[in-house]
Amino acid sequence: MSGPCTGLTVVELAVGVSDLGLGLAGGVPGMLLAGLGADVVRVTDAAPIDAEVTWGRAWHRGKRILAPGGREEILALLGSADVALVYGPEELVERRGLGHRDLTAAHPRLVYARCRPSRTAKGTTADYGLLVEAAAGFCTQLDGHRPGPIFNDVRASGVGTASLLTVSVLALLRRRELTGAGGWAETSLYDGMLATLGCMIGRSERAAPEIEGYWEKGSTFPNFLYRCSDGELIQVWFGGKGMYAALLDVLGDEPSAEGYYTDQMTGRLGVRARHWTSLFAARPREHWITALRAAGVACEPVLAPGEPFTDPHLAEVGLAVRDGGDVLLGSPIAIAQGEKGPPPPGRAGSGPLAGVRVADFSAFVAGPLAAQVLADLGADVVKIEPPEGEAMRAAAYAVAACQRGKRSLALDLGAPEARQVVERLVEWADVVVHNFRVGVAERLGIGAEDVARLNPGAVYCHASAFGATGPRARFPGNDALMQAVTGVERAIGGEGNEPIAATWIPVDMAGGWLAAAGILAGLYARETGGHGQNVVTSLLGAGMLMHSGVFLRDGALVRGPELDAEQTGYGPGHRLYRGGDGAWFALVVPDEEAWRRLAEETVPLPERYAPLRGGAADADARTAETALEAAFATAPAAEWTARLTARGLLAEPIEDLDRDAFRRSVLDDPVNRQLGRVAAYSTADWGGFEQIGPLVRCGPGAPYGPPLMIPQVGEHTVGVLSDLGFTGPEIEALLVAKAARRLVEP
């Protein structure tokens with residue numbers, strides 16, 4: 001394949017870990033880099049629990065797979081590599097001289113990215129996403145179909161860690177082009193989990209009750225998921241302009257006198273949402289999809305993971321690719337080379353993106369989060385928003401999670417006087433990013449061709465909904481719609497159950513990280529070739545990535561392990577169990593030896609090692625599961641956890657945490673604070689504020705970080721206009737014409 005990473009060699013060193021345990025974290029970074037053109041070699045030992053886990057077929061296609069030889073063989077392989085992605089416990093990595101200090105001393109151009117076992121004040125947790133999420137209490141943060149914690153099949157820790165590793169590698173590769181030196185990055189599955197929860201975790205000194213209440217108690221917003229007369233499910237979203245009135249008209253419901261936001265705040269929207277259940281139940285799904293789309297209301301069918309592969313749109317935009325008889329997820333990052341531009345000037349600053357300038361025209365979550373990741377890495381990011389502030393200002397959680405470290409320029413893009421500002425912004429920027437629907441950027445004069453004309457060396461990123469081309473390109477999209485259409489809601493619900501939507505907008509968050517990775521790949525390509533780059537990512541691609549191990553073989557879905565109806569896990573050796581006191585714990589049985597020790601400590605188990613349901617040993621797995629459930633019901637969960645861990649088994653107790661206790665467990669953890677996972681600073685509106693901090697940790701170099709602030713609307717308008725070369729009288733004229741707005745101090 002060709003792409004910005006063509007000519008690079010990436011070595012994945014995965015020892016003492018498993019595809020099931022690491023999930024997306026272990027295979028997707030290499031998959032994404034291969035999709036960008038890199039030659040990827042995977043060195044791994046076979047984990048027994050992975051024997052019938054098929055996800056690697058999608059994650060490792062096109063990679064050269066080698067068994068780990070001796071240390072000298074591994075060192076020789078790494079000695080010719082550009083990038084090392086290293087996974088495994090310390091005794092198999094650092095103590096064998098395979099840590100970054102040992103390797104980069106001999107190979108100073110090596111970019112070394114390490115996924116370590118997760119460490120918090122509670123201790124260190126092995127590299128199984130289930131154990132990490134159980135120890136953190138994440139399993140208690142979504143209501144399931146039964147009381148108690150559930151196995152959240154959102155792939156949060158995996159997709160977040162994959163994002164952190166990919167972003168770190170691409171940022172360090174770009175810096176290597178400038179300095180000639182490699183560098184290191186480190187993360188963990190716990191960091192990855194936090195990377196998806198930016199909108200969920202916050203704590204303020206004096207925010208309004210409805211704002212602080214969201215962080216303390218969670219969302220009470222209806223999901224707008226309905227069953228139709230044919231038994232099929234439809235997900236509806238109507239947050240766009242005019243959609244609410246159009247929806248009411250299609251449903252034949254009474255018009256709203258005060259509009260969407262007022263109905264939402266007063267609770268009338270919730271009453272309407274319950275009433276709509278009977279209305280949707282009167283007609284089949286296809287009727288509603290046709291009628292709603294004709295009226296401009298966004299909606300999507302609720303599908304299972306992998307089912308979208310049959311949609312021709314995915315093949316057209318490169319998200320479905322054929323490899324032999326299989327249809328697998330293609331690269332969710334599309335990059336096209338543009339015209340050659342002038343070399344970017346050297347600029348002062350700290351961090352891997354020191355001196356990089358970003359014009360952020362995006363709104364909502366995915367686009368703004370991508371730009372915030374760039375700010376976290378040292379870029380100067382200007383947030384361009386309407387004079388009244390972007391729409392998500394009303395949703396404080398999204399502003400907190402996605403606008404940190406930026407400068408705010410309040411500008412009316414539709415005003416004739418603003419055109420000169422837009423053109424100077426584009427000329428000033430190294431990166432231009434937006435997430436408008438297809439066609440909107442072109443109307444505003446910031447489409448790909450406009451940017452290429454004004455600044456041929458710029459990296460242009462469209463963080464789209466469904467992609468920039470294809471039959472669905474102009475469809476609106478948001479997190480709820482993408483959870484529905486890509487199978488996330490069905491996966492969380494469990495076998496045979498009603499779907500469940502994750503409330504912390506995981507697809508939006510994954511989309512932001514994906515766009516950031518695409519931009520960084522574009523910046524690396526610009527440094528190596530001097531050409532501008534056109535980057536397209538999508539929420540559809542981000543949603544498909546979350547269950548990317550699923551694929552089609554001869555037209556049939558190959559799913560791999562699936563969640564059971566009780567939402568406990570994938571089988572007796574990878575699931576949650578309830579103790580006799582009603583408390584729960586997570587258990588992983590990674591190999592035959594652990595299976596034997598488990599039987600000695602609990603009850604006789606089938607002789608055949610059968611940790612997962614659905615494979616050749618399905619009957620043995622179900623027999624073992626029933627026996628273990630009965631055994632664990634005879635004593636408290638804490639007692640079982642202590643007994644199992646004393647035998648060297650992998651078990652983690654699950655503390656019953658409400659939303660407030662969960663956020664406190666993150667924000668007040670001293671290890672989290674020490675590692676920078678928590679940011680604490682003062683804001684104008686909320687006083688003291690704490691949130692998940694910048695999670696990309698890489699070096700070497702002086703400590704760096706973004707300005708810890710959330711900009712107010714127009715707070716930096718005058719300063720940014722001055723930076724763009726506008727004189728005092730010219731700035732005043734823009735303000736008088738109301739094309740721009742400055743912050744008015746109280």
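Residues Val696 and Leu164 meet the side-chain proximity criterion, which asks for heavy atoms closer than 4.5 Å. Between Asp191 and Ser188, some side-chain heavy-atom pair lies under the 4.5 Å cut-off. Side-chain contact between Phe138 and Met193 is present, with heavy atoms from C-beta onward closer than 4.5 Å. Residues Leu173 and Val83 are in side-chain contact: their nearest non-hydrogen atoms beyond the backbone lie under 4.5 Å apart. Proximity of Ser157 to Tyr190: side-chain heavy atoms (C-beta onward) are nowhere separated by under 4.5 Å. When side chains are defined from C-beta on, Glu300 does not count as touching Ile234, because their heavy atoms never get closer than 4.5 Å. Glu307 has its side chain out of reach of Val550: every pair of non-hydrogen atoms, C-beta onward, lies at least 4.5 Å apart. In this structure, the side chains of Leu269 and Phe221 come closer than 4.5 Å at one or more pairs of heavy atoms.
Exactly one residue among Glu385, Gln372, Glu390 makes a side-chain hydrogen bond (donor to acceptor under 3.5 Å, both in side chains) with Gln403. That residue is Glu390. Each of Leu557, Val558, Leu328 was evaluated against Leu552; a single residue qualifies, Leu557, per the side chain to side chain contact (heavy atoms under 4.5 Å, CB included) test. When Glu286, Arg283, Arg285, His287 are each tested for a side chain to side chain contact (heavy atoms under 4.5 Å, CB included) with Asp230, only one passes: Arg285. With Asp360 as the fixed residue, the side-chain hydrogen bond (donor to acceptor under 3.5 Å, both in side chains) test singles out one of Lys383, His434, Lys406: Lys406.
Between Asp564 and Arg575 no salt bridge is recorded (no basic side-chain N to carboxylate O distance below 4.0 Å). At a threshold of 4.0 Å, the pair Asp554-Arg322 does not count as salt-bridged, since none of the basic side-chain nitrogens sits closer than that to a carboxylate oxygen. In this structure, Arg61 does not pair ionically with Asp326, as no charged nitrogen and carboxylate oxygen lie closer than 4.0 Å.
Between the side chains of His462 and Asn534, no donor N or O sits under 3.5 Å from an acceptor N or O. Remark: the Tyr570 side chain and the Asp153 side chain contain an N/O donor-acceptor pair separated by less than 3.5 Å. No donor-acceptor contact under 3.5 angstrom links the side chains of Gln483 and Gln235, judged on distance only.
Atom-to-atom distance recorded for Ile289:CD1 and Cys228:SG is 7.5 Å, nearest 0.5 angstrom. Atoms CZ and CG, on Arg677 and Leu695 in that order, are 8.0 Å from each other to the nearest 0.5 Å.
Listed by first then second residue, pairs satisfying side-chain hydrogen bond (donor to acceptor under 3.5 Å, both in side chains) with a partner in residues 493-522 read Arg227-Glu498, not counting sequence neighbours.
Between Phe280 and Tyr226, the two ring planes are parallel [angle under 30°; tilted spans 30° to 60°]. Taking the six-membered ring where the residue is Trp, Tyr260 and Phe238 present perpendicular rings, their angle passing 60° and hence far from 30°.
A donor-acceptor pair is defined here as one N or O able to donate and one able to accept, closer than 3.5 Å; such a pair exists between the side chain of Tyr87 and the backbone of Ala25. Looking only at distances, no side-chain donor or acceptor of Ser168 sits under 3.5 Å from a matching main-chain atom of Ala185.
Ring to ring, Phe551 and Phe309 are not that close: their centroids are 6.0 angstrom or more apart. Ring centers of Trp288 and Phe224: at least 6.0 Å apart, outside the cut-off.
More than 12 non-hydrogen atoms from other residues, nucleotides or ligands lie less than 6.0 angstrom from CZ of Arg146. Other residues, nucleotides and ligands contribute over 12 non-hydrogen atoms within 6.0 Å of the CG atom of Asp323.
For the pair Tyr397 and Met392, the tightest heavy-atom approach, listed with the atom from each and the gap, is OH-CE, 4.2 Å. In terms of heavy atoms, Ala370 sits closest to Ala516 at CB-N, 3.7 Å.
Residues that satisfy the side chain to side chain contact (heavy atoms under 4.5 Å, CB included) test with Ala298, not counting sequence neighbours, are Trp237, Met243, Pro476, Leu481.
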Stepwise side-chain contact (heavy atoms from CB on, under 4.5 Å) test for Leu540 and Met482 | CA-CA 6 Å; Leu540 178 64; Met482 295 305 173; 4.3 Å; yes
Step-by-step salt bridge (Lys or Arg N to Asp or Glu O under 4.0 Å) determination, Asp19 to Arg42 | CA-CA 12 Å; Asp19 272 351; Arg42 180 172 177 82; 3.4 Å; yes
Might you work through the side-chain contact (heavy atoms from CB on, under 4.5 Å) test for Ile692 and Leu197, ending with a clear yes or no?
-> CA-CA 8 Å; Ile692 295 171; Leu197 302 181; 4.0 Å; yes
